[in-house]
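In what follows, every chain begins at residue 1, and chains take the letters A, B, ... in the order their sequences are listed.
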Amino acid sequence: GESVGLHLPTLSVQEGDNSIINCAYSNSASDYFIWYKQESGKGPQFIIDIRSNMDKRQGQRVTVLLNKTVKHLSLQIAATQPGDSAVYFCAENRSGAGSYQLTFGKGTKLSVIP
Amino acid sequence: EAGVAQSPRYKIIEKRQSVAFWCNPISGHATLYWYQQILGQGPKLLIQFQNNGVVDDSQLPKDRFSAERLKGVDSTLKIQPAKLEDSAVYLCASSPPGTRVGWETQYFGPGTRLLVL
């Protein structure tokens with residue numbers, strides 16, 4: 001079936017370096033994508049979103065890139081800090097059962113080495 | 001702005017018992033969602049409400065799970081009877097209207113961690 005997935009389950013990065021978390025999606029009809037950060041014991045926290053009519057969107061220290069040709073999404077975190085350590089999920093919003101459903105990938109655990 | 005509130009934060013029950021979770025969404029958010037997150041996985045949608053009406057409950061195991069949002073604000077999710085495989089984090093989320101359908105940003109609460117023994 002169609003799903004959202006991640007290339008790497010874990011990622012270790014030195015503090016101060018840039019992090020890149022990748023995500024592949026297979027539903028070409030999806031037109032809204034969101035990155036969430038989930039710290040241990042907490043609910044997912046919205047980081048940044050992008051719509052299918054865009055290729056790139058920047059926030060504070062984060063950038064999301066969308067490549068619709070190869071159905072690939074990435075999250076770039078600049079100058080990674082210890083507080084960035086968490087599990088990161090990409091999610092796609094796609095039509096289902098008469099409504100839009102947010103479908104999550106499996107997550108990538110980012111560990112920042114001080 | 002206050003976030004999505006959930007209670008209890010933790011619950012331990014024995015199989016075949018009943019349990020209920022409560023959610024208070026962000027003020028003004030008409031859409032409310034319940035998700036189940038099993039350890040090591042991403043959240044999975046159980047049910048979606050628009051005001052007090054159900055929009056999508058296609059993935060809700062209706063033989064044991066039920067949810068309601070009577071006045072269009074708070075919501076409760078109930079499991080009766082619970083099974084071992086129901087052990088998970090139950091997340092509530094809410095969203096304001098988006099610029100178009102399908103572009104609504106969902107904001108999550110801290111979740112209720114359920115352990116079924």
Side-chain angles (χ1 to χ4, degrees), chain A residues 1-6 9-10 21 23-25 27-54 57 59 64 66 73 75 86-109, chain B residues 1 3-7 9-10 21 23-26 29-51 53-60 88-113:
Chain A
E2 295 181 329
S3 64
V4 174
L6 296 174
T10 59
I21 301 172
C23 177
Y25 67 94
N27 189 336
S28 57
S30 296
D31 63 356
Y32 181 50
F33 304 88
I34 309 170
W35 280 100
Y36 284 94
K37 170 187 179 183
Q38 188 171 27
E39 297 174 276
S40 181
K42 298 184 179 180
Q45 175 189 356
F46 172 86
I47 301 174
I48 192 167
D49 59 0
I50 189 167
R51 297 165 186 167
S52 59
N53 59 352
M54 305 169 69
R57 192 167 187 215
V64 55
L66 176 62
L73 195 68
L75 176 70
V87 177
Y88 289 80
F89 292 97
C90 66
E92 60 175 326
N93 219 17
R94 51 178 168 154
S95 178
S99 69
Y100 278 84
Q101 291 185 5
L102 199 60
T103 301
F104 285 77
K106 294 182 180 178
T108 291
K109 182 177 181 180
Chain B
E1 179 183 81
V4 176
Q6 290 189 247
S7 68
R9 292 298 311 276
Y10 305 91
F21 313 126
C23 172
N24 179 246
I26 295 172
H29 286 196
T31 309
L32 183 147
Y33 315 79
W34 282 102
Y35 288 83
Q36 180 191 60
Q37 185 175 23
I38 293 173
L39 186 64
Q41 299 182 17
K44 184 187 80 171
L45 179 69
L46 293 175
I47 188 168
Q48 176 183 344
F49 291 94
Q50 180 75 22
N51 296 309
V54 175
V55 174
D56 184 357
D57 62 358
S58 58
Q59 299 188 82
L60 186 73
V89 176
Y90 291 86
L91 294 161
C92 180
S94 67
S95 64
T99 54
R100 54 160 275 190
V101 174
W103 285 0
E104 302 87 358
T105 300
Q106 297 184 27
Y107 298 92
F108 286 80
T112 296
R113 280 145 188 81

**Asked** What part of B:Gln106 is in contact with chain A, defined as an atom under 4.5 angstrom from a non-hydrogen atom: side chain, backbone, both or neither?
**Response** both

**Asked** Parallel, tilted or perpendicular: which describes the rings of A:Phe104 and A:Phe89, with under 30° parallel and over 60° perpendicular?
**Response** perpendicular

**Prompt:** Who among B:Gly111, B:Pro43, B:Pro110 has the most heavy-atom pairs with chain A under 4.5 Å?
**Reply:** B:Pro43

**Prompt:** Does B:Gly53 offer a backbone N or O that forms a donor-acceptor pair with the side chain of B:Asn51 under 3.5 Å?
**Reply:** no

**Fill in**
Whatever's closer than 4.5 Å to a heavy atom in chain A on B:Tyr33 counts as neither

**Prompt:** Is there a donor-acceptor pair under 3.5 Å between the side chain of A:Glu39 and the backbone N or O of A:Gln45?
**Reply:** no

**Message:** Quick check on A:Gln38 against chain B: is it the side chain, the backbone, both or neither that has a heavy atom closer than 4.5 Å?
**Reply:** side chain

**Message:** We want to know whether B:Asp56 and A:Gln101 form a side-chain donor-acceptor pair, criterion being a heavy-atom distance below 3.5 angstrom.
**Reply:** yes

**Request:** Answer with side chain, backbone, both or neither: which region of B:Gln37 has an atom nearer than 4.5 Å to a non-hydrogen atom of chain A?
**Result:** side chain

**Request:** Give me the ring orientation class for A:Phe46 and A:Tyr36: parallel if the planes are under 30° apart, tilted from 30 to 60°, perpendicular past 60°.
**Result:** perpendicular

